[in-house]
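Values reported hereafter were calculated over all heavy atoms of this structure, with side chains retained and with hydrogens, waters and symmetry mates removed.
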Amino acid sequence: MSSTGNASAPENVTQELRYNPAEIEPRWQATWDAQPDLYAAESPACGKPKYYVLEMLPYPSGQLHMGHVRNYAIGDALARHQWMRGYNVLHPMGWDAFGLPAENAALKNNTPPREWTLSNIAAMRRQMARLGLSYDWQREVTTCLPEYYRWNQWFFLKLYERGLAYRKKSKVNWCPECATVLANEQVVDGCCWRHEETPVQQRDLEQWFLRATRYADELLRDLDKLEGWPEKVRTMQRNWIGRSEGALVDFEVQRKEKFSPADAPVTLRLNERMREEAPGKITVFTTRIDTIYGATSLQLAPEHPMVAQFCAADSVLGREVQVLLEQQKSAREKDAFGTLEKIGIFTGHYAKNPFNDELLPIWVANYVLLDYGTGAVMSVPAHDARDYEFAQKYNLEIKIVILPRRAESAHEGAEPLLPYTEEDSLLINSGPFDAMGCEEAQRAMTAYAAEKGFGKSQVTFRLKDWGISRQRYWGTPIPMLYCEKDGIVPVPEAQLPVLLPEKIDITQQGGSPLSRVPAFVNAICPKCGGAARRETDTMDTFVDSSWYFYRYTDAKNSSAPFDSAAAAYWFGEQGIDQYIGGVEHAILHLIYSRFWTKMMRDLGLIKNDEPAHRLFTQGMVIKNGAKMSKSKGNVVSPDDMIARYGADATRMYALFAAPPDRDLDWQEDGVAGISRFLSRVYRYALSTMPRAASGRGQALPASLTPTEQKLLRKLHQTIRRISNDFEGRWHFNTCIAAIMELVNDLIAAEPEITAGSVRDSVLYAATRNLILLLQPFAPYLSAELWSLLGETTPLLRASWPAFDAALAAEDTIGIPVQVNGKLRAVITVPIGSAEELLRSTALAEEKVQAAIAGKEITKVIVVPGKLVNLVVR
RNA sequence: GCCCGGAUGGCGGAAUAGGCAGACGCAGCGGACUUAAAAUCCGCAGAUCGCAAGGUCGUGGGGGUUCAAGUCCCCCUCCGGGCACCA
């Protein structure tokens, strides 16, 4: 120490010796914030292969939660890795900024929705920056701004032109809490998806629909192409689309006087007037036309038009049907529809089975759905579980028309246990179709029906058209006008956007808030120049999120939603390279996005058939075994974690605590553990830094000391593990564990390093590669160490470490030796030892000898490189 | 009811192609440093019997295949999720 007292301190005395993320992280964040191009995607001309990694855009609630942190930590690790692998990476972020919470906040705090939303966005953008996420903010998309939502309107006009958007009155799901309509997809267990306690009501309203069913077949078929999607999501979508092949068959309704009342199982109530009319026909949809000879009644949905016709002439029936409808309605609202007891009412009418001219009683049944198939079914009690239950209750005839194939039937010729529904069966009692197999009969009977003109084959879907009208303020105005003279008139493209008025009172309840803004409602008809009324409903916010990821490719375009060439570059043939988000969007967002992509392809905007080639659904973040929620009081705030442990430790823990596809239990002690690990890295790196830095530019020694060899071997084994995981299964938890092992080995070797048995060039290789491996998971600490190492290349542009198989190779291996399958010894042999050497070494082992003493060796299994097992008796 | 997941130490989890179960971390215990504590470092750590050497048992339960099973096959239990009268 200098005796002069005021001599200058050594250069690095201000260098903190303790890992202090609270100092390191904000310093680097400031550096990064000052470089707007840092994470910018390059132009297609850069010549690098492209990689589009996308995380689902959040709703700007104002607060990131741990689920977001996990989602973005996964995406960020991937993006950083791909950058280092030499890809031109597109990694954007945006805001799903329309929606009800902004309106509720406006009511509560008297803040305009736009202001509230934009300030939330600013807050969340700050949180994301603090986490060190590598987003290209120049491409930010905010869906509530006219620059974005005008293109929703533009798409709507294109859809309308093509007949893909239409208006109809329909029974809709109404959430009294939201005071708006919900799509089928937004009804969960009979309740609103946002208000899990609020039962959805049924209302009749005029609504705008998008013809998603036009793409039903393709949406289903292309699921097979999505091999990079979780099978679970594909299955959920398949079920949701619900394609089934079957046939339509017409049954003629007969005049009542053809039968004597005595034939009818229930008292006929038909009045005289009905006798004069020819009531027409009822078309049923069935997937089991092969069982049609077993039909013993027809069942109609209570809302079926024919039922109304019957009721018009029969007030008793009318009242009974009304009761049925009421029951159904209340059951549906309580989500008890599926468990409702089957109730039927005989209408007094009959219909003729066109295959055998049998007369079947027509019933109204509460288990028949109007909006699936034709709203009418033929009832085959013997071969359908529901029909069987119904027939038992009402004592209807049960006719068996299929039997198990003899060869496979345990009870030959015996009657099958009813209801018997197996398709691998043979027909009986079915006229000319007897002895056919079910599938053969289905083909033959459908062909016969078509030939005779009373039926045809038919494919039916469960998927419905997408109702997008919402009676809310904070959404995209639907660009339509209603004119007394010209009816429904689209807003001309040149007049877009239809701007959402800014100053509006949304405190009143009921109806669309926009309908109370005269300046908005009153418009001029573009056709006749007369007065017109504007549509006051806004679009479902799922419209916004159906195509936002295309906007990222050309986010500032003011003359089109995006440039086709830009989209073609980033989407390529197969779409987004990796999409990451929560499984809760498996149906809603992901099916709408697929529909929108196909629609845009048909508009000629894009070439790809699917939005995303690979999809990853991360697990939930839970705490104490339950999903984090305010009501449970188990919410962990990312801000708190960052304040206490830093962003690196917080994100790294989110990746370490569980494989990313599984649920993750948040334990704060675990974050502390990660923080301790980062401290160890920091301390190790600092203590060896001067020597590591001086090793730059030196070739590795031609011959390595044992310690050097050991360290380089571990290093390259780690590189291999982590590289493989990024390519494959994304088990970042084991990647991080591997880095911990490497660091443990490096620290354990410190005495030897200090003693000089590790040369600077080797230290340099170890430190440099350690930083590179750490970078996707802990960008702040990596940046700090990278700069301390004296590197000048931006870390993100440095190459991912190259794996060297020769350095990673072990020269000896421990081989377990078992006796009768039980481990008795582990022998150390040169790698690649032949079978004979393994056998003799194993037998020579003392412990093995003891275990086999006095016994006869009956078999010796030697698996080179794996184990030796001696079977003794 | 149907369709997917899942079940491994006190806890989170590892074991990628049937071959040493419990990597890595958390919590715990013992020790070092300290006047003391925190921090840090070193060590122990599935259960059980044993002073020890060592033995026995052990991946939700039961059966099976195999020299060898957390891993494959059959049956069952429990937990989570999705769908649910879709004709």
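- Annotation: A:Q849, atom CD; neighbour count of heavy atoms from other residues, nucleotides and ligands within 6.0 Å is above 12.
- Side chain A:K232 to base B:C3: no donor-acceptor pair is found below 3.5 Å.
- Side-chain proximity of A:M236 to B:A87, B:C11, B:G82: nearest is B:G82.
- Counting any heavy atom pair closer than 4.0 Å across all strands shown, A:D387 reaches no nucleic acid atom.
- Counting heavy atoms from C-beta on, the side chains of A:E397 and A:L360 never come closer than 4.5 Å.
- Note on A:D663: only backbone sugar-phosphate atoms sit closer than 4.0 angstrom, heavy atoms only; bases stay farther off.
- Side chain to side chain, A:Y684 and A:N744 fail the donor-acceptor criterion of an N or O pair below 3.5 Å.
- Contact annotation for A:S244: backbone-only contact, meaning every heavy-atom pair under 4.0 Å involves sugar-phosphate atoms and none involves a base.
- Listed here is the closest heavy atom pair of A:K714 and A:L742: CG-CD1, 3.8 Å.
- Using C1' as the reference atom, B:G46 and B:G22 are 8 Å apart when rounded to the nearest Å.
- One can place CZ of A:R721 at 8 Å from C1' of B:C24, the figure rounded to the nearest angstrom.
- In this structure, the ring of A:F726 has its center less than 6.0 angstrom from the ring center of A:F732.
- If you take CG of A:N744 and C1' of B:A23, they are 11 Å apart, rounded to a whole angstrom.
- Per the geometry, NE2 belonging to A:H731 stands 17 Å off P belonging to B:G12, to the nearest Å.
- Of the N and O atoms on the side chains of A:S297 and A:Q299, at least one donor lies less than 3.5 Å from an acceptor on the other residue.
- In the model, A:Q442 has a side-chain atom that pairs as donor or acceptor with a side-chain atom of A:E423 under 3.5 Å.
- Contact annotation: side chain of A:D669 to base of B:C26, donor-acceptor pair absent below 3.5 Å.
- Comparing the same atom, C1', in B:A87 and in B:U77 gives a spacing of 34 Å after rounding to whole Å.
- Side chains of A:T291 and A:Y420: a donor-acceptor N/O pair is absent below 3.5 angstrom, by distance only.
- Taking the six-membered ring for Trp and thresholds of 30 and 60 degrees, A:F454 and A:F355 have ring planes more than 60 degrees apart, a perpendicular arrangement.
- Note: CE (A:M740) to C1' (B:A23) measures 12 Å, nearest angstrom.
- Residues A:Y372 and A:T235 each lie close to RNA chain B; by heavy-atom proximity, the contact nearer the 5' end of the strand is made by A:T235.
- Contacts between residues 825-841 of chain A and RNA chain B, defined by a heavy-atom separation under 4.0 Å, are made by A:V826.
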What nitrogen or oxygen pairs link the protein and nucleotides 40-44 of chain B at under 3.5 Å?
from	atom 1	to	atom 2	distance (Å)
B:C41	OP1	A:R680	NH1	3.2

Nucleotide N/O to protein N/O under 3.5 Å, stretch nucleotides 54-58 of chain B:
from	atom 1	to	atom 2	distance (Å)
B:G55	OP1	A:R824	NH1	3.1

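- Counting any heavy atom pair closer than 4.0 Å across all strands shown, A:V871 reaches sugar-phosphate atoms only and no base atom.
- No contact: A:N239 has no heavy atom under 4.0 Å from any strand.
- One P atom belongs to B:G6, the other to B:A17, and the distance between them is 14 Å to the nearest Å.
- With contacts defined as side-chain heavy-atom distances shorter than 4.5 Å, the pair A:I719/A:L773 qualifies.
- The separation of B:A37 from B:G30, taken at their P atoms, amounts to 13 Å, rounded to a whole angstrom.
- Of the two residues contacting RNA chain B, namely A:G814 and A:L870, the nearest-nucleotide position lying further toward the 5' end is that of A:G814.
- Residues A:L678 and A:A778 come closest through the heavy atom pair CD2-CB, 4.3 Å.
- With both ends at atom P, the span from B:G19 to B:A27 equals 33 Å, rounded to whole Å.
- B:U8 and B:C74: their C1' atoms are spaced 22 Å apart (whole Å).
- As judged by a 4.0 angstrom heavy-atom cut-off over every strand, A:Q818 is placed among the base-contacting residues.
- Interface residues of residues 649-661 of chain A facing RNA chain B, ordered by number: A:F656, A:A657, A:P659; criterion, heavy-atom separation under 4.0 Å.
- Across all strands, A:G246 comes closer than 4.0 Å to no nucleic acid atom at all (heavy-atom distances).
- The neighbour count for A:E846 CD, taken as heavy atoms of other residues, nucleotides or ligands under 6.0 Å away, does not exceed 12.
- Using cut-offs of 30° and 60° for the angle between ring planes, the A:Y394 and A:F390 rings count as tilted.
- The P atoms of B:G31 and B:A38 are separated by 13 Å, rounded to the nearest whole Å.
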Output a table of donor-acceptor pairs, distance under 3.5 Å, between side-chain atoms of residues 859-873 of chain A and any protein atom two or more places apart or on a different chain; print 'none' if there are none.
from	atom 1	to	atom 2	distance (Å)
A:N869	OD1	A:G821	N	3.1
A:R873	NH2	A:E856	OE1	3.4

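- One P atom belongs to B:G25, the other to B:C42, and the distance between them is 11 Å to the nearest Å.
- Atom CD1 in A:I622 sits about 13 Å away from atom C1' in B:C11, given to the nearest Å.
- Of all nucleotides listed (B:G13, B:G19, B:C67), B:G19 comes nearest to the side chain of A:K866.
- Evaluation of the side chain to side chain contact (heavy atoms under 4.5 Å, CB included) rule for A:P305 yields no partner, not counting sequence neighbours.
- At a threshold of 4.0 angstrom between heavy atoms, the contacts of A:G673 are confined to the sugar-phosphate backbone, with no base atom among them.
- Of the candidates B:A87, B:G13, B:C24, B:G13 carries the atom nearest the A:N733 side chain, counting heavy atoms from C-beta on.
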